[in-house]
Amino acid sequence: MNYYEHIVIVDSSLDEEAISATEKRTVETIEKAGGEIIKVERWGRRRLSYIINKHENGYYIFFVFKTTGATIKQLDNLYKVLDTVFKYMIIKLGKKEILALLNSLQNKKQEGENAVKPEVQINEAAEEEGE
Amino acid sequence: MKTQAPVKSRFKRFSKRKFCKFCADKSDFIDYKDVQTLRAFLTQRGKILPSRMSGTCAKHQRALANAIQRARNIALLSFTER
């Protein structure tokens, strides 16, 4: 299993539904092949730095996932058929990048746990003040 | 072979010493998604700055070139400006 980063540029003139459908197709393809999605980020509509297939703007979706190498071919085949996607890029992560990714994921988890605690403390402080 | 005498101009003496920004930051890798940092290493025309101008070390210059080319591929950076 390798870690991959994947950016898809979807036609920005499409509505929210069509964009979600494209995202779903990608996620399904990866999961069907036995992969695991780690992160999905939507960067939203952006101006492209240069014109691609007569498009000036694009909707960026960013994926991080973990699969075997054979899945990449399936994704390539998918985007040949899907005409909502006009540009994509898949990058295999190196050792250092994987470490940084795992660290950031762990930090997020810890932050999530920590974020609950301060609220309790604030409530306690408020109660003390009330007394 | 003629060896050039060291030039002792006023400007040379006070010129700041260049250093590799990525070595100073101790960053593990150069992220192609971080367009703002990459922009600092491009000319106005959008070409990659040579390391003799930016002071980047050879190792990081290679990584930087890779990152810029990736960013160009996915239209985060342009191949040429204007």
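So that the names make sense, note that chain A is the first sequence line, chain B the second, and so on, each numbered from 1.
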Run the side chain to side chain contact (heavy atoms under 4.5 Å, CB included) check on A:Phe62 and B:Ile74 step by step: do they pass? CA-CA 11 Å; A:Phe62 173 67; B:Ile74 203 70; over 6 Å; no
Chain B neighbours within residues 28-58 of chain A, where any heavy atom lies under 4.5 Å away: A:Trp43, A:Arg46, A:Leu48, A:Ser49, A:Tyr50, A:Ile52
So, the part of A:Ile91 with a heavy atom under 4.5 Å from chain B: the answer is side chain
State whether the number of non-hydrogen atoms from other residues, nucleotides or ligands found under 6.0 Å of A:Lys96 atom NZ is greater than 12. no
When rounded to the nearest 0.5 angstrom, what distance separates NZ in B:Lys21 from OG1 in B:Thr56? 9.5 Å
Residues 29-36 of chain B side chain polar contacts: donor-acceptor under 3.5 Å, at least two apart:
residue: B:Asp31; atom: OD1; partner: B:Lys33; partner atom: N; Å: 3.2
residue: B:Asp31; atom: OD1; partner: B:Lys33; partner atom: NZ; Å: 3.1
residue: B:Tyr32; atom: OH; partner: A:Glu5; partner atom: OE1; Å: 2.8
residue: B:Lys33; atom: NZ; partner: A:Glu5; partner atom: OE1; Å: 3.2
residue: B:Lys33; atom: NZ; partner: A:Glu5; partner atom: OE2; Å: 3.1
residue: B:Asp34; atom: OD1; partner: B:Thr37; partner atom: OG1; Å: 3.2
residue: B:Asp34; atom: OD2; partner: B:Thr37; partner atom: OG1; Å: 2.7

Separation of A:Leu105 CG from A:Gln110 CD (nearest 0.5 Å): 11.5 Å
Shortest non-hydrogen contact between B:Gly46 and B:Leu42, atoms and distance: O-CD2, 3.8 Å
With a 4.5 Å cut-off on side-chain heavy-atom distances among I, L, V, M, F, W and Y, is there a chain of contacts connecting A:Tyr4 to A:Leu101? no
Once you round to the nearest 0.5 Å, how far does NZ of B:Lys18 lie from SG of B:Cys57? 14.0 Å
Transitively linked via ILVMFWY side-chain contacts under 4.5 Å: B:Leu77 with A:Phe86? yes
Would you say the side-chain atoms of B:Gln61 pair up with the backbone N or O of B:Leu49, donor to acceptor, closer than 3.5 Å? yes
From A:Ile90 CD1 over to A:Asn2 CG, what is the distance, rounded to the nearest 0.5 angstrom? 12.0 Å
Between B:Cys23 and B:Lys59, is any pair of side-chain heavy atoms under 4.5 Å apart? no
The test is side chain to side chain contact (heavy atoms under 4.5 Å, CB included); show your working for B:Glu81 and B:Thr43 and say whether it passes. CA-CA 9 Å; B:Glu81 301 277 352; B:Thr43 64; over 6 Å; no
Listed by number, the residues in residues 66-78 of chain A that come under 4.5 Å of chain B (heavy atom to heavy atom) are none
I'd like to know if A:Val27 and A:Phe65 are part of one continuous hydrophobic network [Ile/Leu/Val/Met/Phe/Trp/Tyr, side-chain heavy atoms within less than 4.5 Å]. yes
Expected contact set for residues 6-26 of chain A against chain B at heavy-atom separation under 4.5 Å reads A:Ile7, A:Ile9
Proximity breakdown for B:Arg72 and chain A, heavy-atom pairs closer than 4.5 Å: backbone
For A:Tyr88, is it the side chain, the backbone, both or neither that has a heavy atom under 4.5 Å from a heavy atom of chain B? backbone
